[in-house]
Amino acid sequence: MMRISYSLFVILLFSFCAQADSSYPYKQASLPVEKRVDDLLSRMTLEEKALQISQLMIGPNDNPNNTVTKKTSFNPRIGSFIYFQADVEKRNEYQRIAVEETRLGIPLLFAYDVIHGFRTVYPISLAQACSFNTNLVYQAARVAAKEASSSGLNWTFSPMIDVARDPRWGRVSEGYGEDSLLNSSFCVATVRGYQGSDLTEPDTIAACLKHFVGYGESMAGLDYAYTDISDRAMWETYLPPFKSGVDAGVATLMTSFNDINGIPAVCHSFLIKDVLKNKWGFDGAVVSDWGAIRQLKNQGYSADPLQCGAASLKAGNDIDMESKIYTKIPQMVDQGLINIQDVDEAVRNVLRLKFRLGMFETPYTKTNLRNRYLKKEYREVAQQLAVESAVLLKNESILPIEKPSKIYLAGNLLDDREALLGSWLAHGNTNDVVGIREGIDRFLSRKSRVVSQPKDADIIILCLGETKKMSGENGSRSTLQLHNANQIDKYTQYDKPIVLVVGSGRPISYQTIEPKVDAILHIWQPGVEAGNALAKLIFGLENPSGKLAMTFPRTVGQIPVFYNKHQSARVGNKNWSGLYQDIESTPMYWFGHGLSYTTFKYDNLQIDMNSLKASVSITNTGNRKGKESLLWYISDPEAKITQPLKKLKNFEKVSLESGETKTVTFTISPMEHLSYIDSKGSILIEPGRFVVEIGGLKESFILDEKDYL
Ligand code: BGC
């Protein structure tokens with residue numbers, strides 16, 4: 001009886017109050033956001049609040065890791081949708097129902113994983129990091145935001161800034177490599193690219209830093225695995241990229257799946273509440289990862305969904321993505337598991353996001369936008385990024401091919417356009433991809449030709465690579481060997497120079513491959529302009545400038561291996577660590593390795609102690625134009641908390657004509673570049689000797705207390 005009358009009441013309420021009064025303060029665009037939030041919050045029922053902080057998927061879902069039945073009906077009072085389609089009319093119809101047919105008319109948010117482009121798919125994030133070109137990555141994120149926003153999206157679950165040091169983990173492809181500073185720098189570039197300077201502009205989308213935090217430390221490189229992270233590693237390595245993104249004004253953050261030293265990230269109140277919200281002042285919205293609250297049961301946290309929901313909410317995780325547990329908030333309140341303040345805080349953060357995005361003023365997406373994808377200027381950005389992210393690992397004077405030549409082309413990558421796009425391709429389409437054959441045909445000089453038999457060739461170009469499914473989410477591998485590396489042996493018998501082109505979503509083990517080929521060009525998963533970018537590099541119309549953002553081990557047994565390790569207790573072993581008895585102990589290619597068709601010479605490294613300005617001159621000593629990324633490292637050889645052998649502190653990419661010299665400077669800020677962090681997150685600085693290293697040159701200086709006090 002009670003239930004019937006409640007439903008009746010709700011129906012009546014909806015029919016009579018379908019349109020909220022337009023004079024309500026929350027409807028007034030001229031009022032400050034916080035006033036509007038307060039007003040709207042004060043009008044919401046507990047059930048409305050519970051729905052507002054719930055996120056569901058609508059329509060089809062193309063993520064094989066997140067299976068769910070296709071939903072067609074929905075409750076328009078839900079807070080946000082994951083929207084896998086690009087159908088603007090359908091999206092606007094959902095929105096119309098939310099805005100016009102619900103009591104308060106709160107607009108829906110439409111979110112999606114736009115990871116490396118929406119339709120104009122550009123290189124994967126790990127490749128982008130190898131470009132060391134943050135400006136180009138900013139432009140690529142702008143392109144993604146334009147295509148995504150014009151397709152009805154308000155929010156992307158990107159960038160992923162999980163520092164990753166285990167190449168077995170498939171998701172290394174989605175982040176910016178093994179170094180914290182690189183992840184921070186590309187984080188800032190992408191956040192600015194997606195969000196522009198004003199989130200209310202129609203061509204911007206909210207960014208989302210993920211996965212908070214330490215997900216990249218997944219044990220044994222397995223996805224969704226437990227992580228054991230010391231407090232110092234957390235502060236020193238995993239948290240800084242998130243801090244940079246928060247400082248850059250990111251709108252949202254996603255908590256991760258992993259269990260951190262026994263506390264699952266989604267209910268880690270110290271990290272979410274104390275660090276992110278209180279210490280760093282983040283007032284955007286925090287969303288869980290897909291089903292993460294429900295999964296707390298699997299992680300051994302609690303078998304009771306209500307306990308799991310209460311723990312996440314109280315920890316500061318504002319939005320429940322697809323666990324369908326926050327919809328039970330009224331029960332949690334009834335049982336005394338949470339109080340209304342916990343709920344209000346989360347709702348406040350979601351409403352604030354909607355006001356910041358201007359959704360109450362502009363809830364709909366324009367439908368008459370024609371030709372919104374793959375514009376010429378979008379493809380240009382994708383191509384330049386593919387060019388600059390390719391890494392020339394080896395070159396025995398074979399590349400570029402500029403003399404008239406007969407070329408034999410082989411390998412699985414020639415015809416696998418899906419592999420060239422990589423994982424998380426959003427609305428990318430294999431028909432949009434310029435394939436490798438197509439690119440080679442387009443840029444082959446008139447006097448060269450592609451031959452049909454390897455025996456007739458002057459040069460063999462062998463294009464091998466991982467397939468799309470070999471990396472990305474749940475794409476872990478126990479070996480770093482190329483699955484089809486045995487193809488190389490088929491061609492070595494012809495005794496012709498072999499150029500090996502490799503595409504992958506992770507570092508590859510080149511130990512046994514390298515001696516068999518004359519050149520190796522690692523192109524990652526380059527996106528829609530793959531063929532054009534590769535052909536321009538091969539024929540010398542472009543000069544490679546990528547450097548590795550992740551160290552390539554010789555074999556999987558060297559993992560974890562990354563450049564900023566600590567010095568070993570027994571020095572003498574190249575200052576690095578003990579020795580493996582069965583292989584050369586150094587990795588195959590270090591972080592920062594990458595060749596060019598020209599040569600660069602670094603000279604005259606100096607440090608001006610008055611201004612703490614380091615300078616170095618760089619000369620292009622070869623005979624063609626090239627770009628060089630200057631990587632500034634600093635080491636602190638004596639510290640109370642021992643420091644890594646070196647740490648990247650700054651980087652800059654310069655372009656130099658043949659013979660040209662430029663002087664590049666780096667102003668050292670003691671607190672930013674010479675300090676270190678302890679296990680409580682406190683920043684410490686000690687006077688003493690520091691060493692600056694760049695391009696093989698080193699220069700030390702003494703820091704006095706007066707230089708920073
Ligand atoms: C992934 C997230 C992603 C989410 C939504 C999860 O499985 O871990 O990175 O944003 O799905 O698609």
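Numbers here are sequence positions counted from 1. We count ligands from 1, going down the list as the structure has it; atoms in each ligand are counted the same way. Computed from heavy atoms alone, side chains included, the values below leave out hydrogens, waters and symmetry copies. These numbers were taken from a predicted model, which means no experiment stands behind them.
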**OP:** Establish, yes or no, whether a centroid distance under 6.0 Å links the rings of Phe562 and Phe591.
**Re:** no

Original post:
For the ring pair Phe242 and Phe282, is the centre-to-centre distance below 6.0 Å?
Top reply: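 For Phe242 and Phe282, the ring centres are not under 6.0 Å apart.
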
**OP:** Look at the aromatic rings of Phe360 and Phe355 and report parallel, tilted or perpendicular, splitting at 30° and 60°.
**Re:** parallel

Original post:
Does Asp283 pair with Arg356 as a salt bridge, N-O distance under 4.0 Å?
Top reply: yes

Subject >> Salt-bridge present (Arg165, Glu178; N to O < 4.0 Å) >> reply: no

**OP:** Run through ligand 1 for me and note each protein residue having a heavy atom under 4.0 Å from it, chain first, then residue number.
**Re:** Asn63, Asn66, Asp113, Phe157, Arg171, Lys210, His211, Met254, Phe257, Asp289, Trp290, Met321, Trp424, Glu473

Original post:
Less than 4.5 Å apart, any side-chain heavy atom of Arg477 and any of Val556?
Top reply: no

